[in-house]
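All heavy atoms count here, side chains included; hydrogens, waters and symmetry mates do not. Here the structure is a predicted model, which means the values were calculated and not measured.
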Amino acid sequence: MKKILVIGSLNMDQVLQIEHTPVPGETILCRDMKLVCGGKGANQAFTCGRLGCNVEMLGSVGQDENGDALLTNLMKEGVETCHVQRLSDHPTGVAVIAVENSGNNSIIVIQGANLMTDEAYIRANTDRILEADAIVLQLEIPLPAVTLAAKEGKKAGKLVVLDPAPAAKLPDELYHCVDILKPNETELGLLTGMPTDSPEEVETAARCLLERGVKNVVVTLGGAGAMLVNEGGSVVFPGKKVEVADTTAAGDSFTAAMTMLLAQGYPLEQAITFAIEVAAIVVTRPGAQSSIPKADEIAKLLDK
């Protein structure tokens, strides 16, 4: 079975249920607060594991209860975690997620141990990159580490997938190492400094990233689906109409599901369609990893 290596963040999410996001100076009351295992990297590794992939996680957690819980949750889904580093002098990362009645969310991340998933750590685990078939990266760990991991993956001929969240200015050398860049509309605008309010603007902005060296740009469009832009043209994949409860981990599950099928040799177009189906299930449920569909649901999607 092809192996997927996820390099990224592990966070304990504090999920707050609120009516609306407060404006400056406003105090609001929170209806409920839950602790949920999260972090963009861990969400993607968890999804790959639940989908039945051979997957390994690289990252950092503290020597604390949150770190224990995050690793246990991944291992329950078959994710290999033996090379995740445990740090006594850095706490496990925490994300405070405010979920509105509409299902939209706002997120504040306290990076903690994630800051130590640095270049030295990547160099110490280059053998893990060489043993994988696909490398999945995000931007909740230091950017130099992301760039180094992508360069090592590219040099070794691996499929390199980057979820550029939270969006940041990226070096050209990173773009040249990425096979698939998966921003949402907002992140695409931040990466390019261009408007992304219409399909035409999304395609134009995505083509700007192709010029920087990316092979394929897959832009997620929320309920409207996704757009693939590459040298061959652009294709819009329609979304699914569902009752949205919480959009947390929708993008992470999309990235993981897409990479899963690509690692198995499916065409990119089919992988995107499958990823939309998986993400459509995720947004109907609260939480991050707790919202990921299980094996029987995935089997039905694959049959389709």
- Any donor-acceptor N/O pair, N230 side chain to G232 backbone, under 3.5 Å: yes
- Just by distance, do the side chain of D133 and the backbone of A263 share a donor-acceptor pair under 3.5 Å?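 Absent.
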- Message: Please list all pairs meeting side-chain hydrogen bond (donor to acceptor under 3.5 Å, both in side chains) that have one or both residues in residues 51-61, counting only residues at least two apart or in different chains.
- Response: K3-E56, E56-H83, E56-R128, S60-Q85, S60-T117
For residues [X] and [Y], report the shortest heavy-atom separation together with the two atoms involved.
{"X": "I110", "Y": "N11", "result": "O-OD1, 4.4 Å"}
{"X": "T192", "Y": "R212", "result": "CA-NH2, 4.0 Å"}
{"X": "V84", "Y": "Y121", "result": "CA-OH, 3.9 Å"}
{"X": "S253", "Y": "V278", "result": "CB-CG1, 4.1 Å"}
{"X": "G38", "Y": "D13", "result": "CA-OD2, 3.5 Å"}
{"X": "M260", "Y": "I4", "result": "CA-CD1, 3.8 Å"}

- Task: Start with the C-alpha distance between L115 and H90, add both sets of side-chain angles, then the distance that settles side chain to side chain contact (heavy atoms under 4.5 Å, CB included), and finish with yes or no.
- Result: CA-CA 9 Å; L115 290 171; H90 290 79; 5.6 Å; no
- Message: Check this for me: does any side-chain nitrogen of one of E77 and R50 sit under 4.0 Å from a carboxylate oxygen of the other?
- Response: yes
- Do the side chains of V229 and L191 join up, straight or via other hydrophobic residues, at under 4.5 Å, putting them in one cluster? yes
Not counting sequence neighbours, which residues clear side chain to side chain contact (heavy atoms under 4.5 Å, CB included) with [X]? List them please.
{"X": "R86", "value": "V61, Q63, D68, L71"}
{"X": "A280", "value": "K240, V242"}
{"X": "N66", "value": "M12, D64, T92, V94"}

- Message: Is it the case that the side chains of N216 and D179 hold a donor-acceptor pair, with the cut-off being a distance below 3.5 Å and no angle test?
- Response: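 Judged by distance alone, the side chains do not pair up.
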- State whether a side-chain donor-acceptor pair under 3.5 Å links Q111 with S9. no
- Message: Walk me through whether K151 and L174 qualify under side chain to side chain contact (heavy atoms under 4.5 Å, CB included).
- Response: CA-CA 7 Å; K151 290 171 68 174; L174 176 54; over 6 Å; no
- Item | Given L162, T147, V6, the one that forms side chain to side chain contact (heavy atoms under 4.5 Å, CB included) with L137 | L162
- Message: Running the 4.5 Å side-chain criterion over Ile, Leu, Val, Met, Phe, Trp and Tyr, what cluster does L87 land in, apart from itself?
- Response: M116
- Item | Qualifying salt bridge (charged side-chain N to carboxylate O under 4.0 Å, His left out) pairs with a residue from residues 193-206, counting only residues at least two apart or across chains |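 Non-adjacent pairs meeting salt bridge (charged side-chain N to carboxylate O under 4.0 Å, His left out): E203-R207.
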- CD (E231) with more than 12 external heavy atoms under 6.0 Å: no
- So does K2 have more than 12 non-hydrogen atoms from other groups sitting under 6.0 Å from NZ?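 It does not: K2 NZ has 12 such atoms or fewer within range.
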- Query: Do Q138 and I7 pass the side chain to side chain contact (heavy atoms under 4.5 Å, CB included) test, and can you show the C-alpha distance, the side-chain angles, and the key distance before you say yes or no?
  - Reply: CA-CA 8 Å; Q138 330 76 33; I7 306 175; over 6 Å; no
